[in-house]
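Shown next, in structure tokens, is the structure this report addresses.
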Amino acid sequence: MKKSQSNFVIPVTQSIRWNASKAINALIAGSRGMGKSYMTMALMLRLANLSPPTQIFGIDFKQSDISRLNNLLPNNRIASNKEQIFDLLNHFIELMKKRRDFINSKSEFGATANSLKMPMFYLVYDEFGAFTSVLSNKEKKEHDALLSQIMLLGRQYNFGIILISQQVSVGNSGLNSNLKEQCGLIVHMGTATKEALRITFGNEIDLYNNYLGIGEGQLWMQGLTNGFTLPFVAEDLSNIDLWEAFKKAFAKQNDEDFLYMTR
């Protein structure tokens, strides 16, 4: 997977491009085994291979594939238990605030991280429902308040989230509906019931109703498919040594080196 020039646009398929800076928050849903993990890994590799590279952070309460990337990333980039997750959310926000202060003090009026071509910072949050389901009401409110800061304010500073879940509910352990509206890319992998798809995409979107298998899905993207979803086939990673690909892609991961970089 080759390095890309940093206009913040990465391919989702050969014909669909995602401007990750403008539609910076993403949601990936789908049943187990339908390709959510491979879809997420493909996006992570594309983001990390931008030039300059996107800085990657991860939350993986179930301690699956994303938690293993802890061996390739700088310290404290991956969280897998309650204390670590809250610490990482707060740390991510502190980095965002440092960038905000830098832009406000060092740049012309009206400048944004996008206009300054500052590298993106992305938090990949795997199976957020598994974590929020074990939180008390007080902890859930704190957790949602932290997510709100990132998802509502992060776009101006090139800070975003990729949320991953088997089913996107809006109940006590699900995603706050106000936060879901901040997602500029929404993906559902595989075939699902109409009810499940409505939970993912909402009631105002025309859905693709034909069968979709493993590695296939449908997506809604802000500015591209405003009233409907598009079917697609996810990038095939079967011929790639993923560990070596991530090792190479993560060669330049450092908070301080890229937090204040402008071009």
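We number each residue from 1, following the sequence as shown. Given the structure is predicted, the values throughout are model-derived calculations rather than measurements.
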Donor-acceptor pairs under 3.5 Å, side chain of residues 201-217 to any protein atom, not counting sequence neighbours: which ones?
| unit_1 | atom_1 | unit_2 | atom_2 | d |
| --- | --- | --- | --- | --- |
| Y208 | OH | N210 | ND2 | 3.4 |
| E216 | OE1 | G213 | N | 2.7 |

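Using a 4.0 Å cut-off between charged nitrogen and carboxylate oxygen, K140 and D144 count as a salt-bridge pair. Taking a cutoff of 4.0 Å between a charged side-chain nitrogen and a carboxylate oxygen, E195 and R198 do not qualify as a salt bridge.
The backbone N or O of A26 sits nowhere less than 3.5 Å from a side-chain atom of Q182 that would complete a donor-acceptor pair. For E127 (side chain) and Q166 (main-chain N/O), a donor-acceptor pair under 3.5 Å exists by modelled atom type. Not a single donor-acceptor pair under 3.5 Å links the side chain of R46 to the backbone N or O of I10. Between the S107 side chain and the N104 main chain, no donor and acceptor come within less than 3.5 Å of each other. Q55 contributes a side-chain N or O that, together with a main-chain N or O of P53, makes up a donor-acceptor pair within less than 3.5 Å. T40 places a side-chain N or O within donor-acceptor distance of the main-chain N or O of K36, the cut-off being under 3.5 Å.
Here the side chains of M189 and Y38 are not in contact, with every heavy-atom distance at 4.5 Å or above. Side-chain contact between C183 and M151 is present, with heavy atoms from C-beta onward closer than 4.5 Å. With a 4.5 Å cut-off on side-chain heavy atoms, M118 and F258 do not count as touching. Side chains of D65 and F246 form no contact here, defined as non-hydrogen atoms less than 4.5 Å apart. Inter-residue side-chain proximity for T262 and K106 is flagged as unmet; no heavy-atom pair is nearer than 4.5 Å. Side-chain contact between E235 and L237: present, with at least one pair of heavy atoms (C-beta onward) separated by less than 4.5 Å. With contacts defined as side-chain heavy-atom distances shorter than 4.5 Å, the pair M120/F8 qualifies. Proximity of F232 to V187: side-chain heavy atoms (C-beta onward) are separated by under 4.5 Å at one or more points.
Each of N76, D255, L123 was compared with H91 under the side chain to side chain contact (heavy atoms under 4.5 Å, CB included) criterion, and only D255 meets it. Among the candidates D126, I66, T132, V134, the single residue satisfying the side chain to side chain contact (heavy atoms under 4.5 Å, CB included) test with F61 is V134.
Once rounded to the nearest 0.5 Å, the distance linking CD1 of I56 with CG of L72 reads 12.5 Å. The distance from the CZ atom of F159 to the CZ atom of F57 is 7.0 Å, given to the nearest 0.5 Å. Here the CD1-CG distance, from I103 to L116, works out to 6.0 Å after rounding to the nearest 0.5 Å. In this structure, CG in N25 is found 9.5 Å from CD1 in I162, a value given to the nearest 0.5 Å. Atom CG of residue L259 and atom CG of residue N158 lie 11.5 Å apart, to the nearest 0.5 angstrom. Taking CG of L179 as the reference point, atom OG of S177 lies at 8.0 Å (rounded to 0.5 Å).
Under a cut-off of 6.0 angstrom, the local environment of CZ in R155 is sparse, with at most 12 non-hydrogen atoms contributed by other residues, nucleotides or ligands. Heavy atoms from other residues, nucleotides or ligands lying under 6.0 Å from CD of E244 number more than 12. Heavy-atom contacts from other residues, nucleotides or ligands closer than 6.0 Å to CG of N81 number more than 12. Counting non-hydrogen atoms of other residues, nucleotides and ligands closer than 6.0 Å to CZ of R68 gives a total of 12 or fewer.
A pairwise comparison of heavy atoms in I240 and A245 identifies CG2-CB, 3.8 Å as the closest pair. Summarising the geometry of G190 relative to M34, their closest heavy-atom pair is CA-SD, 3.6 Å, with the distance given to 0.1 Å. Across F131 and K82, no two heavy atoms sit closer than the pair CE1-CA, 3.7 Å. Heavy-atom minimum distance, E256 versus Y260: OE1-CE1, 3.7 Å. Scanning both residues, I78 and L69, for their nearest heavy atoms gives CG1-C, 4.3 Å.
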Could you walk me through whether F92 and L146 pass side chain to side chain contact (heavy atoms under 4.5 Å, CB included), step by step?
-> CA-CA 10 Å; F92 199 71; L146 294 171; over 6 Å; no
Let me see the working for I93 and I150 under side chain to side chain contact (heavy atoms under 4.5 Å, CB included), right down to the final yes or no.
-> CA-CA 7 Å; I93 289 168; I150 299 168; 3.6 Å; yes
Stepwise, does the side chain to side chain contact (heavy atoms under 4.5 Å, CB included) test hold for N71 with W243?
-> CA-CA 10 Å; N71 295 310; W243 191 253; 4.2 Å; yes
Pair I59-F128, side chain to side chain contact (heavy atoms under 4.5 Å, CB included): steps then yes or no | CA-CA 8 Å; I59 292 176; F128 60 87; over 6 Å; no
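The cluster map of Ile, Leu, Val, Met, Phe, Trp and Tyr, joined by side-chain heavy atoms under 4.5 Å apart, puts L224 and F228 in the same cluster. Each of V233 and V12 belongs to its own hydrophobic cluster when Ile, Leu, Val, Met, Phe, Trp and Tyr are linked at side-chain heavy-atom distances under 4.5 angstrom. A continuous path of ILVMFWY side-chain contacts below 4.5 Å connects L47 to L242, so both sit in one hydrophobic cluster.
In this structure S136 satisfies the side chain to side chain donor-acceptor pair (under 3.5 Å) test together with E139, sequence neighbours excluded.
Taking the six-membered ring where the residue is Trp, the centroids of H143 and Y125 are separated by under 6.0 Å.
In this model, a donor atom of one side chain and an acceptor atom of the other lie less than 3.5 Å apart for S21 and N114.
Identified under the salt bridge (charged side-chain N to carboxylate O under 4.0 Å, His left out) test for residues 15-24, with sequence neighbours left out: none.
Taking the six-membered ring where the residue is Trp, Y122 and W18 present perpendicular rings, their angle passing 60° and hence far from 30°.
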